[in-house]
Amino acid sequence: MSFVLPELSYDKTSLEPHIDVRTMEIHHGKHHQAYVTNLNNAVKGTEFENLDILDLLGRLKDLPDSIRGAVRNNGGGHANHSLFWSVISPNGGGVPSGELASAINESFGSLDAFKEAFGTAAKTRFGSGWAWLGMKNGKLVVCSTPNQDNPLMQGLCDCSCTPILGLDVWEHAYYLNYQNRRPDYVSAFWNIVNWEQVSKNFSNAK
Ligand code: MN
C-alpha cells in the first residue's frame, strides 16, 4: 500500500473568486502530488509504509534518521493538504453551529474573536507555514507551524494539538491571485470554510 493523492469533492473552478482555478490545479495536482510521491519514496520498503498518515506523523521520533526529515516535510505536506481540501468548500462560509459554535465562544469569547486570533496566526507566520484551530486538553486553541509541520508531530512541533481546521499560508497557496496580499487571502478564506466538516473533526477530536 502507498499514500495516495485524495480526490477533491468539488470542482477546481468552484472556489473562485476566493481561490482561483489555476492555483487549485497547481496546488493539488503538482504540490500535493509531489509530497505524496516523495513520502512514498521515503518510506518504501520500511515498516512505516502501511501506517495511517496521522499515526505516522505521531511516530516521527521512531523513524530512522535517514528518512525522518523527508517524512516530516512530505508526510506533513500530505496530511496538512488532505485536511485543508476537506475544510474548504464552494458551499462553505457562514457560521459554525451546535457544539462547535459553543466551544468557540467558550475558548475565544466570540466567533469574531476567534477569527481575529486565527487570522493573526496566519498573517504573522513568517515565511511558509500553516495556521491551525485544534483541540488540546479538551479546549480549542489557535496556533501556527512553520513549513509542513503538523501539530500532531510530538516532540518536533511546539504547537501541540489535534488540528480540526488548517489554513495554508505558503505563497504557492495564494500568490497567483493575491501576490503579496496574504491578509486578503486570509479574509477570503472565511467565505469557503466548510464548518460542517470542521464540526465533524471537532467531534472526532473530543
Ligand atoms: Mn500548500
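Values below: every heavy atom of this structure, side chains too, minus hydrogens, waters and symmetry copies. Atoms within each ligand, like the ligands themselves, are counted from 1 in listed order.
Closest approach of Gly166 and Phe118 over heavy atoms only: C-CZ, 4.5 Å. Residues Lys136 and Ser160 come closest through the heavy atom pair CD-O, 3.1 Å.
One of the N, O or S atoms belonging to His27 lies under 2.8 Å away from the Mn ion (ligand 1). Coordination check, His172 versus the Mn ion (ligand 1): passed, since an N/O/S atom of the residue sits under 2.8 Å.
Of all N, O or S atoms in Asp168, the one lying closest to the Mn ion (ligand 1) is OD2.
Two rings, from His78 and His32, have their centers less than 6.0 Å apart.
Note: Trp85 and His28 have perpendicular aromatic rings, judged against thresholds of 30 and 60 degrees for the angle between ring planes.
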